Undergrad: 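Mind looking over this structure? Questions follow.
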Amino acid sequence: MEKNFDPKTGEERIYNKWLKAKYFHAQAKEGKESYTISLPPPNITGALHMGHALNATLQDILIRFKRMQGYNTLWVPGTDHASISTEMKIVESLAEKGFTKEDIGREKFLEMAWQWKEKYGGIIVEQLKKIGISCDWDRERFTLDQGLSQAVLHVFIDLHKKGYIYKGERLINWCPHCKTTISDAEVEHKDNKGKLWHMKYKVEGTNDYLTFATTRPETILGDVALAVNPNDSRYNKYVGKTAVVPIVNRQIPIIADAYVDMEFGTGVVKITPGHDFNDYEIALRHKLPSVNIFNNDATINDVCEEYIGMDRYVARKEILKKFTDMGQFVKGEYIENTVGCHDKCGVVMEPLNKLQWFVKMEEMAKPALQALETNQFRFVPSRFGKIYTNWLEDIKDWCISRQLWWGHRIPAYYCSCNHTTVAINATKCESCGNADIKQDEDVLDTWFSSALWPFSTLGWPNDSQDMKDFFPTNVLVTGPDIIFFWVVRMVFSSMEQTGQVPFKDVIINGIVRDAENRKMSKTLGNGIDPLDIIEQYGADSLRLALVIGNALGADQRFSNEKVEANRNFLNKIWNASRFLQMNEKELGVVANISDDHEFSLADKWILNKLNSLIGEITTNMEHYELGVALQKIYDFAWSEYCDWYIEMAKANLKDPTKKDATLYTLRYVLITVLRLLHPYVPFITEEIFTNLQNEEESLVVSDWPKPASLDYGDEEKAIETTKQAIKEIRNIRRDMNIPVSQKIKITIVSDQMVVENFFAALAGASQVKLQPTKDQVEQSAVVIQIPTGTIYLEDLLDTEKEIKRLTKEKEKLEKELARAESMLSNADFLAKAPAKMVQSEEAKKEEYNQLLKKVTHSLEALKK
RNA sequence: GGUCGCUUAGCUCAGCUGGGAGAGCGCCUGCCUUACAAGCAGGAUGUCGUAGGUUCAAGUCCUACAGUGACCACCA
């Protein structure tokens, strides 16, 4: 074996081996419970980032764990067509050549988009593979592929038939840059330091002016009313009168509405239903008209000759100037508010009144809410359920039509007879039979297809075997930021279409930040590329760094130091296996051992500890406590197996009576550790495993360890005591500056301790004598008291130092004793604490007492 | 404005259903001991944000407060 594992060459080789063996490919298996995960499909425009890496790693750990446990596992991968993001890319590339998408037309544009998808869409998948994830690549899907498109159309038509999908004119969020509608979820509210302008309109039939405040002076062109609070005594007298919007010379009513906050601004609000959601509501209540003042690019339309074609922000300045000139400008003050921006391009979105397709949400939200309430599925950690619930409780109808070309085109066909035919590939009007029908130009929101992902990828709406075998899925792992984009929509879509909640557990992973706790972003340029990390340290190290010591759902900082530390751990495991191989080469492999073979104390100790470990971490992993579980394996492997057991084994291997059992135990424990680690670090564990076993075997499909039926509790305790003794000896050697090379003589007086042959080596002794009584022990020895006996380090005595040490020891014991005694003298503790607690305290008290007596005795003897 | 986190060793963070505070990194001392210097052995450092409460027992449960962060939200 090489001195180090080289991930650069090894990982790819191993991954290809797995693919070739089709370990990740799932088929329905009789008598095997299935376990399914749908990979959140990354956008084809995306490049792999740390968020993907974490997300994919968590899923891979779970699916590999379950696969080893014997479940029939399926992990469905795929990508999302990312309607708007992809379209933006194509539009940009066209713009570079001086074209617009309209120049080349829909058909040609889509051709380009598909070409783009073929060229770049697979990149992120290949990048994901580098992490080592065990998806069933034979089942890879794309949200715009034929099957999924069929599912999308099916759902659209179904919902339309049921009346859940309708077309209506509504105020919607419009992106003037992308020139499409966007849903509420896609609006990002950004803090904005703006100005609140005070301006005034003349009240007709009086000489009075009413002063209102607005952050958007340009929208006065669309004003249809002034509103005051009905209880506002300042303005009561004006209600019912008319004010005049200058420039457009529009007469508008002054109305009373409780929405108006008397405290804010002047207490007078201008009402612009065409470009403000609140005003829209008010206008509905008061039956006011709506005036649209904008073109699709947010320039002023023909509402006003003077500003026609002018950008909204230019118009703002011009109108303010005009008001100043007219003497109707009052003042401007600084204000902090928020503005809604398109989350994709960042441009301030504009509410516009448009005819669009919507999904009626109120009714479908109900079962989705109930599903969580009644624990039909759950969030882990549970607190994220609140985001889900809040969003559903306050849900508005979902605007699903987009003025884009890349996506699922809406299956609605318009006829000159005014009838709309909603059907797949309609060729004639279903009402009048006219063949001259025109399909709706718009496509569906990307999330409409993602919402069907867990079942559309399994062949739905066809009566597929995969649906029967693998649906509903077991786990969804995703980020907190898309709970309302995606999780919510998957639940209600699935419940409506399949009658089932699409998953059992929704695991929320945190956000990976940089070492300074900043969000990694392209603009900041602080992103750490997972591929760079893989290149430098290997995928296994990356995976460990992302998972170890991290609580689920919590954000984490990422740094190369973390990766390095974990790389070191893997190197440690690698070298432990080299140690085993070296010895097996010399002494022979003992892969099996007969029942009558006697294990040494050390063997029994490590086997017992391993047994507990298996039980604990299996439970941890079943509870998704992956970080905790990993930490436990790490500690066991490094601190117990490598630091202690291997060192003990070195001596035992020289003992012909112990050699075989030791070789067996070394191998057995190491291989078990490899199994336990495999879900976390699949590559290196597989490499070691095949080195130790044979090329044909694979950890991927090997069994997850189960605790053995053994109880070496006493042996474990005995070795723990021995370890404690050795530690104290080392401690004293250190205090007295005795180098490792200088061997000492040790006498142990005990009638119960067994001193194994490793003791001398680990304690740095030339000889270790064990005797039942204190006879013939040299006077000049350092004395260590342990519960099972007394240890004498001969010829080391430095009386002064020894007195100091023993005094410290004595003080410590007295403190411990006092603690135990105070607990035991507490009547409430005795009465109310569990008996086990009380017993354990009593035992400790007894032990401390004994030790204290002995230490005190030694101390007195020295002082004489 | 609402909701939800976080505050534990110098730094980054674990700590499950309450029973004597942990890891990694860093730091100090000594070691190239034939698996591993990406290592070995030993060591130091914490009134677990503050104040109350529940309990025999609180880092862990409850309340308030203080810092800090995220998300949601129509104050023109």
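None of the values given here were measured: they were computed from a predicted structure. To find a chain, count down the sequence lines: A is the first, B the second, and so on, and within it residues start at 1.
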Undergrad: Can you name the atoms? Protein N/O to nucleotides 4-9 of chain B N/O, anything below 3.5 Å, with the distance.
TA:
residue	atom	partner	partner atom	Å
C4(B)	OP1	K386(A)	NZ	2.8

Undergrad: How many Å lie between NZ on K743(A) and C1' on A41(B), as a whole number?
TA: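 Interatomic distance, NZ of K743(A) to C1' of A41(B): 12 Å.
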
Undergrad: Under 4.0 Å between any heavy atoms, over every strand shown, what does F569(A) touch: base, sugar-phosphate, or nothing? Just pick one.
TA: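 Answer is nothing: F569(A) stays at 4.0 Å or more from every strand.
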
Undergrad: Just checking, any donor-acceptor pair under 3.5 angstrom between side chains of K270(A) and T219(A)?
TA: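 Present: a donor and an acceptor within the cut-off.
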
Undergrad: Sort and list the pairs that fulfil side chain to side chain donor-acceptor pair (under 3.5 Å) and have at least one residue in residues 811-823 of chain A, not counting sequence neighbours.
TA: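 Of all non-adjacent pairs touching residues 811-823 of chain A, those that pass side chain to side chain donor-acceptor pair (under 3.5 Å) are R819(A)-E841(A).
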
Undergrad: Of the nucleotides C13(B), C36(B), C75(B), which has the atom closest to the R578(A) side chain?
TA: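 Side chain of R578(A) sits closest to C36(B).
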
Undergrad: Reckon R734(A) has a side-chain N or O less than 4.0 Å from the OP1 or OP2 of U29(B)?
TA: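 No, because none of the side-chain N or O atoms of R734(A) sits under 4.0 Å from OP1 or OP2 of U29(B).
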
Undergrad: For A37(B), does either OP1 or OP2 sit under 4.0 Å from a side-chain N or O belonging to K3(A)?
TA: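 It does, given that an N or O in the side chain of K3(A) lies less than 4.0 Å from OP1 or OP2 of A37(B).
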
Undergrad: Looking at A38(B), I'd like to know if its phosphate oxygens (OP1 or OP2) sit under 4.0 Å from a side-chain N or O belonging to R567(A).
TA: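 False: R567(A) side-chain N/O out of range (4.0 Å or more) of A38(B) OP1/OP2.
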
Undergrad: Looking at N568(A), does any N or O in its side chain come under 4.0 Å of the phosphate oxygens OP1/OP2 on G39(B)?
TA: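 Looking at the OP1 and OP2 atoms of G39(B), one of them is under 4.0 Å from a side-chain N or O of N568(A).
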
Undergrad: Can you check the D643(A) CG to A23(B) P distance for me, whole Å?
TA: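 Distance check: D643(A) CG to A23(B) P gives 13 Å.
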
Undergrad: Tell me whether the centres of the aromatic rings in Y641(A) and F636(A) are closer together than 6.0 Å.
TA: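 No, the ring of Y641(A) stays outside the 6.0 Å limit from the ring of F636(A), centre to centre.
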
Undergrad: Taking the side chain of C642(A) as heavy atoms from C-beta outward, which of G20(B), A35(B), A14(B) is closest to it?
TA: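 My answer, after comparing the listed nucleotides, is A35(B).
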
Undergrad: Roughly how many Å apart are G49(B) and G43(B), using the C1' atom of each and rounding to a whole number?
TA: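 The same atom, C1', in both gives a distance of 29 Å.
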
Undergrad: Heavy atoms under 4.0 Å, any strand shown: does I646(A) hit a base, just sugar-phosphate, or nothing?
TA: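 Base, at least one base atom sits under 4.0 Å.
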
Undergrad: Do N652(A) and K659(A) pair up side chain to side chain, a donor and an acceptor below 3.5 Å, judged on atom types alone?
TA: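 Short answer, no.
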
Undergrad: Is a side-chain donor-acceptor pair under 3.5 Å present for N229(A) with D257(A)?
TA: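 No, no side-chain donor-acceptor pair sits under 3.5 Å.
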
Undergrad: Can you confirm whether or not the ring centre of Y388(A) sits under 6.0 Å from the ring centre of F484(A)?
TA: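 Here the rings of F484(A) and Y388(A) have centres that are no less than 6.0 Å from each other.
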
Undergrad: In whole Å, measure the gap between the C1' atoms of U54(B) and U68(B) for me.
TA: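 Rounded to whole Å, the distance is 28 Å.
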
Undergrad: Taking only heavy atoms on the protein side, list every residue of residues 335-343 of chain A lying under 4.0 Å from any atom of RNA chain B, sorted numerically.
TA: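 N337(A), T338(A), in order of number.
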
Undergrad: Would you please confirm or rule out a distance under 4.0 Å between OP1 or OP2 of C71(B) and any side-chain N or O of H189(A)?
TA: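 No, no such contact exists.
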
Undergrad: Is R730(A) side chain donor-acceptor paired with the G42(B) base, going by distance under 3.5 Å alone?
TA: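 It does not, because no donor-acceptor pair links the side chain of R730(A) to the base of G42(B) below 3.5 Å.
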
Undergrad: Identify the two heavy atoms, one from W197(A) and one from P217(A), that lie closest to each other, and give their separation to 0.1 Å.
TA: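 Between these two residues, the closest heavy atoms are CD1-CG, 3.3 Å.
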
Undergrad: Could you check whether atom NZ of K801(A) has more than 12 heavy atoms from other residues, nucleotides or ligands sitting under 6.0 Å from it?
TA: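 Result for NZ/K801(A): enclosed.
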
Undergrad: If the threshold is 4.0 Å, N to carboxylate O, is there a salt bridge linking K331(A) and E333(A)?
TA: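 A salt bridge is present here (some side-chain N lies under 4.0 Å from a carboxylate O).
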
Undergrad: With K195(A) as the cation and Y334(A) as the aromatic partner, state whether NZ or CZ is under 6.0 Å from the six-membered ring centre and within 45° of the axis.
TA: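 Pair K195(A)/Y334(A) counts as cation-pi.
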
Undergrad: Contact class for A554(A) (heavy atom, under 4.0 Å): base, sugar-phosphate, or nothing?
TA: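 Touches sugar-phosphate only.
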
Undergrad: Would you classify N4(A) as touching base, sugar-phosphate or nothing, given that sugar-phosphate means primed atoms plus P, OP1 and OP2, and contacts are heavy atoms under 4.0 Å?
TA: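 N4(A): base contact, heavy atoms under 4.0 Å.
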
Undergrad: Side-chain donor-acceptor pair under 3.5 Å between R578(A) and N575(A), yes or no?
TA: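 Their side chains do contain a donor-acceptor pair, which is all the 3.5 Å distance test asks for.
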
Undergrad: Can you check the D555(A) CG to C13(B) P distance for me, whole Å?
TA: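 The answer, rounded to whole Å, is 10 Å.
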
Undergrad: Are R216(A) and E350(A) close enough for a salt bridge, meaning some N to O gap below 4.0 Å?
TA: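 Yes.
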
Undergrad: Closer than 4.0 Å, any side-chain N/O of H623(A) to the OP1 or OP2 of C16(B)?
TA: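 No, because none of the side-chain N or O atoms of H623(A) sits under 4.0 Å from OP1 or OP2 of C16(B).
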
Undergrad: Between U47(B) and G1(B), how far apart are the P atoms? Round to whole Å, please.
TA: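 That atom pair is separated by 35 Å.
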
Undergrad: Could you label the plane-to-plane angle of the W638(A) and F569(A) rings as parallel, tilted or perpendicular, counting under 30° as parallel and over 60° as perpendicular?
TA: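 Aromatic pair W638(A)/F569(A) classed parallel.
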
Undergrad: Tell me what A213(A) touches on the nucleic acid: a base, only sugar-phosphate, or nothing, going by heavy atoms under 4.0 Å.
TA: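 Answer is base: heavy atoms of A213(A) come under 4.0 Å of a base.
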
Undergrad: Whole angstroms only, please: what is the CE-C1' distance between M823(A) and G20(B)?
TA: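 Distance check: M823(A) CE to G20(B) C1' gives 8 Å.
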
Undergrad: Output the single nucleotide from C36(B), C75(B), G24(B) whose closest atom is nearest the side chain of K572(A).
TA: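 In terms of side-chain proximity for K572(A), the closest of C36(B), C75(B), G24(B) is C36(B).
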
Undergrad: Give, ordered by number, those residues of residues 260-272 of chain A having at least one heavy-atom distance below 4.0 Å to an atom of RNA chain B; if nothing qualifies, reply none.
TA: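 Those residues are V260(A), D261(A), F264(A), G267(A), V269(A).
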
Undergrad: Convert the base pairs of RNA chain B into dot-bracket notation, remembering that pairs crossing earlier ones are written with [ ] and that bases paired across to another strand are shown as |; include only Watson-Crick or G-U pairs under 3.5 Å.
TA: (((((((..((((.....[..)))).(((((.......))))).....(((((..]....))))))))))))....

Undergrad: Listed in order of residue number, which residues of residues 830-847 of chain A have a non-hydrogen atom at under 4.0 Å from RNA chain B?
TA: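 By residue number: K832(A), A833(A), P834(A), M837(A), K844(A).
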
Undergrad: Assign A576(A) to base, sugar-phosphate, or nothing according to its heavy-atom contacts below 4.0 angstrom with the strands shown.
TA: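 Contact class for A576(A): base.
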
Undergrad: Which value, rounded to the nearest 0.5 Å, describes the distance between D191(A) atom CG and T338(A) atom OG1?
TA: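 Answer rounded to 0.5 Å: 7.0 Å.
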
Undergrad: Would you measure the distance from the C1' atom in C75(B) across to the matching atom in C13(B) and give it in whole Å?
TA: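 Straight-line distance between the two C1' atoms is 41 Å.
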
Undergrad: Using the P atom as the point on both nucleotides, what is the distance between C48(B) and A58(B), in whole Å?
TA: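 A58(B) and C48(B) have their P atoms separated by 12 Å.
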
Undergrad: Kindly give the heavy-atom pair with the smallest separation between M621(A) and A629(A), and that separation in Å.
TA: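 In terms of heavy atoms, the two residues are closest at CG-CB, 3.7 Å.
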
Undergrad: For G46(B) versus U63(B), give the span between their C1' atoms, rounded off to a whole number of Å.
TA: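 After rounding to an integer number of Å, I get 26 Å for this pair.
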
Undergrad: Rounded to whole angstrom, note down the P distance from U55(B) over to A14(B).
TA: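 Those two atoms are separated by 32 Å.
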
Undergrad: Would you mind classifying the nucleic acid contact of E647(A) as base, sugar-phosphate or nothing, using non-hydrogen atoms under 4.0 angstrom?
TA: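 Here E647(A) touches the bases of the nucleic acid.
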
Undergrad: Using a 4.0 Å heavy-atom cut-off across all strands, classify R819(A) as base, sugar-phosphate, or nothing.
TA: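 Base, at least one base atom sits under 4.0 Å.
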
Undergrad: Using a heavy-atom cut-off of under 4.0 Å over every strand shown, decide if E561(A) touches base, sugar-phosphate, or nothing.
TA: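 Nothing, no nucleic acid heavy atom in range.
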
Undergrad: First locate atom CG of L762(A), then atom CD1 of I726(A), and finally report the distance between them rounded to the nearest 0.5 Å.
TA: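 Those atoms lie 4.5 Å apart.
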
Undergrad: Do N566(A) and Y537(A) have side-chain atoms, one donor and one acceptor, less than 3.5 Å apart?
TA: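 No.
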
Undergrad: So, is W574(A) near the phosphate of G39(B), with a side-chain N or O under 4.0 Å from OP1 or OP2?
TA: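 Indeed not, no polar side-chain atom of W574(A) lies that close.
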
Undergrad: Are K519(A) and G69(B) close enough that a side-chain N or O sits under 4.0 Å from OP1 or OP2?
TA: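 For K519(A), the contact criterion (side-chain N or O under 4.0 Å from OP1 or OP2 of G69(B)) is not met.
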
Undergrad: How far does the P atom of G18(B) sit from the matching atom of U34(B), given to the nearest Å?
TA: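 Approximately 49 Å lies between the P atom of G18(B) and that of U34(B).
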
Undergrad: When you check the phosphate oxygens OP1 and OP2 of G39(B), does a side-chain N or O of N571(A) lie under 4.0 Å from one of them?
TA: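 No, outside the criterion.
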
Undergrad: If only side-chain N and O atoms count, and only distance matters, is there a donor-acceptor pair under 3.5 Å linking E622(A) with T619(A)?
TA: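 Checked: T619(A)/E622(A) side chains show no N/O donor-acceptor pair below 3.5 Å.
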
Undergrad: Starting at CG of D540(A), measure out to CD1 of I573(A) and round the result to the nearest 0.5 Å.
TA: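 Spacing of CG (D540(A)) from CD1 (I573(A)) equals 11.5 Å.
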
Undergrad: Would you mind classifying the nucleic acid contact of K650(A) as base, sugar-phosphate or nothing, using non-hydrogen atoms under 4.0 angstrom?
TA: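 It contacts base atoms.
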
Undergrad: Can you tell me how far CD of E728(A) sits from CZ of R805(A), rounded to the nearest 0.5 angstrom?
TA: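 Between R805(A) CZ and E728(A) CD, I get 7.5 Å after rounding to 0.5 Å.
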
